[in-house]
Amino acid sequence: MDFSLSEEQSMIKRVVREFVKREVAPTAAQRDRTGEFPRDALRGLGELGLLALPFPQEWGGAGDTVAYAVVVEELARACASTAISYAAHVALGCGSLFLFGTVEQKERWLRPCLRAEYLAAFALTEPNAGSDAAATQTTARLLGGEWVINGTKCFITNGSVADVILITARTEEGISCFIIPRDAPGLSIGSQYDKLGLTASDTAELVFEDCRVPARNLLGEPGKGFRQFLTVLDSGRIGIAALSVGIARACLEDSLRYTQQRKQFGKPLWDFQATKFKLADMAVDVELARLMTYKAAWLKDQGRPFTKEAAMAKLFASEAAMRAAVEAVQLHGGYGYIKEYPVERYFRDAKLMEIGEGTSEIQRLVIARELERGL
Amino acid sequence: MEIVVCVKQVPDTETRIKIDPAGKGIVREGIEYVVNPYDEFAIEEALVLKEKHGGKVTVITAGPDRAVDALRTALAMGADEAIHIQASQEDAVDSIGAAEVMARALKEIPFDIILCGKQAVDDDNAAFAPALAEFLGLPHVTVVTGLEVDPEAGEAQVVREIEGAQEHITTSLPAVIAAQKGLNEPRYPALRGIMQAKRKKIPVSTLADLGLEGETLPARTEVLSMMPPPPREGGEKYEGEPEETVARLIKALQAEKLV
């Protein structure tokens with residue numbers, strides 16, 4: 001057993017840390033205020049080849065999901081909006097195309113996505129099909145060599161900035177997946193949601209009204225769309241877990257610094273045992289969340305089953321991030337409640353981790369289902 | 001063009017340095033190491049020269065096993081080859097020794113220009129480049145913020161920073177050029193470079209291979225003691241009406257000969 005990062009993983013970590021320090025961290029608070037999408041950062045990550053990271057070398061990547069988790073954590077340490085835009089593009093968008101695309105589809109759509117020429121989104125959730133994704137109501141009918149799609153998708157990360165959107169829709173065979181170009185006739189993009197946190201992440205509603213795409217835009221096998229999307233979501237959860245680790249670490253590091261500096265009753269807050277207990281618990285949470293995230297990523301890279309472990313990592317890490325955010329605000333007191341300090345942003349951003357890509361309740365159901373399988 | 005870059009691995013600039021109990025060096029445990037930031041400007045400039053004039057970039061370092069990470073970083077940025085001179089350098093602050101070793105190694109390989117950082121951010125000696133040039137019998141220019149090379153003429157136009165002005169210098173090549181911040185913006189190593197760097201073989205030579213004795217860089221100096229800077233004392237606070245406090249402040253500044 002070896003818990004250390006490889007030489008390349010360490011180098012990727014150093015590079016992304018430097019990138020984050022120069023290109024992401026200085027503008028994070030401003031992005032949170034204005035909601036400006038982090039397009040430059042994604043382009044920069046594309047130039048570094050980091051959009052291809054979890055994919056094999058023939059796609060310019062390293063086939064390294066552990067390194068991908070390292071990158072997501074580093075991004076989220078500074079700006080969770082940037083991290084989720086990256087994770088949604090790479091794991092969900094590019095991941096769907098990589099896993100289920102034909103050679104032609106990959107050349108047409110995946111290749112430009114990996115170079116950051118295209119952004120990708122993954123659209124599963126509907127107004128009446130959230131956690132119950134099998135209740136998908138969007139339909140696709142084959143008419144005159146074209147798929148005609150009708151329905152609505154909601155809460156879609158990268159929805160309005162994406163050049164290519166992967167969706168699920170009902171066909172005769174069951175649920176199937178489709179590749180929808182941004183400019184497909186009949187696709188309209190609703191207004192941006194006014195969110196609690198992750199304000200610079202793009203979240204949109206997509207409306208399909210007799211939206212037409214060529215027959216060749218079917219992704220994967222007809223009727224297997226639901227199973228395909230579950231597979232993609234397993235990888236996606238590693239991303240949310242890593243994002244949570246990044247947010248939790250931000251809470252820990254900021255609270256450590258603040259409690260050393262802030263004096264009350266004639267001594268730094270750090271000197272009170274109650275403070276030390278909170279920070280020790282936070283440090284344990286960060287460490288355990290990261291270990292489980294790396295384990296799920298490692299299993300995936302080994303080609304072994306990782307559904308249960310990805311759900312465990314996502315569940316534990318997201319709840320750890322929320323706990324850390326609550327305590328970080330508490331430790332900062334009144335300063336934690338105002339926007340002068342970033343912990344209130346961590347607090348707002350952390351909550352989505354317990355909701356997106358399957359709520360904590362759904363993660364528990366996924367874990368229980370896997371337990372049942374082993375009986 | 002044969003371009004050589006001398007690099008040094010130094011503690012990460014964000015490391016909190018602690019003095020070891022013996023008081024002659026720093027605690028090395030738990031330190032993360034990086035390429036000396038000024039050397040990054042030198043690597044970037046070497047890559048720019050190669051892109052412009054063609055040729056090959058070779059990076060070289062003298063240091064312990066871990067120093068190979070600095071070479072891998074340079075390879076990942078785009079350098080072609082790397083040479084590792086195995087040498088313990090713990091707490092050696094003697095740049096002359098490092099230059100002597102490097103000069104011996106460079107006698108074995110061809111070069112048209114040698115680049116390095118103007119100083120290492122750990123010991124801040126800024127003596128390596130001039131010493132290396134002296135050992136090799138070459139001209140050198142330090143604190144360089146601009147470089148134009150004419151390989152045909154065997155010349156380089158160099159801009160160097162001096163107090164309140166810039167110096168424009170023409171030097172013959174080969175020469176030793178020591179980079180200052182502002183020379184360029186170093187690129188990040190991209191994933192492709194990182195993956196390629198992993199596959200490159202890095203030849204290692206020992207000090208004995210270079211005809212030197214011992215395992216430590218030859219030193220002409222000895223560290224007698226190392227201590228942290230004295231803690232900052234609290235400032236003085238003047239309270240009262242502005243007319244009175246400003247007068248006191250001016251008096252204090254005059255007493256310190258600051259105004």
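By convention in this document, chain letters (A, B, ...) are assigned in the order of the sequence lines, proteins followed by strands, and residues within each chain are numbered from 1. Computation of the quantities below employed the complete heavy-atom set of this structure, encompassing side-chain atoms and omitting hydrogens, waters and symmetry-equivalent molecules.
Per-residue counts of heavy-atom pairs under 4.5 Å with chain B were compared for A:S6, A:G49, A:S10; the largest is that of A:G49. When the candidates B:M195, B:R187, B:R192 are compared by the number of heavy-atom contacts under 4.5 Å with chain A, B:M195 comes out ahead.
Dense packing is recorded around CD of A:E58, with more than 12 heavy atoms of other residues, nucleotides or ligands lying under 6.0 Å away. Counted within 6.0 Å of CD on B:E29, heavy atoms from surrounding residues, nucleotides or ligands total 12 or fewer; the atom is thus considered open. More than 12 heavy atoms of other residues, nucleotides or ligands lie within 6.0 Å of CD in A:Q260, so this atom counts as buried by the packing criterion. The number of heavy atoms from other shown groups lying within 6.0 Å of OH (B:Y238) is above 12. Within 6.0 Å of NZ on A:K263 lie no more than 12 heavy atoms contributed by other residues, nucleotides or ligands. In the displayed structure, B:K181 atom NZ is contacted under 6.0 Å by at most 12 heavy atoms of other residues, nucleotides or ligands.
Once rounded to the nearest 0.5 Å, the distance linking CD1 of B:I194 with CG of A:L53 reads 9.0 Å. To the nearest 0.5 Å, atoms CG (B:L191) and CG (A:L45) are separated by 11.5 Å.
With contacts defined as side-chain heavy-atom distances shorter than 4.5 Å, the pair A:K21/B:E14 qualifies.
Using a 4.0 Å cut-off between charged side-chain N and carboxylate O, A:K13 and B:E32 make no salt bridge.
Applying salt bridge (charged side-chain N to carboxylate O under 4.0 Å, His left out) to A:E7 and the options B:R72, B:R199, B:K198 leaves one that passes, B:R72.
Interface residue A:E18: backbone and side-chain heavy atoms are both found under 4.5 Å from chain B. Residue contact with chain B, scored on non-hydrogen atoms closer than 4.5 Å, involves the backbone of A:E47 exclusively.
Contact annotation for residues 74-89 of chain A against chain B (heavy-atom separation below 4.5 Å): no residues qualify.
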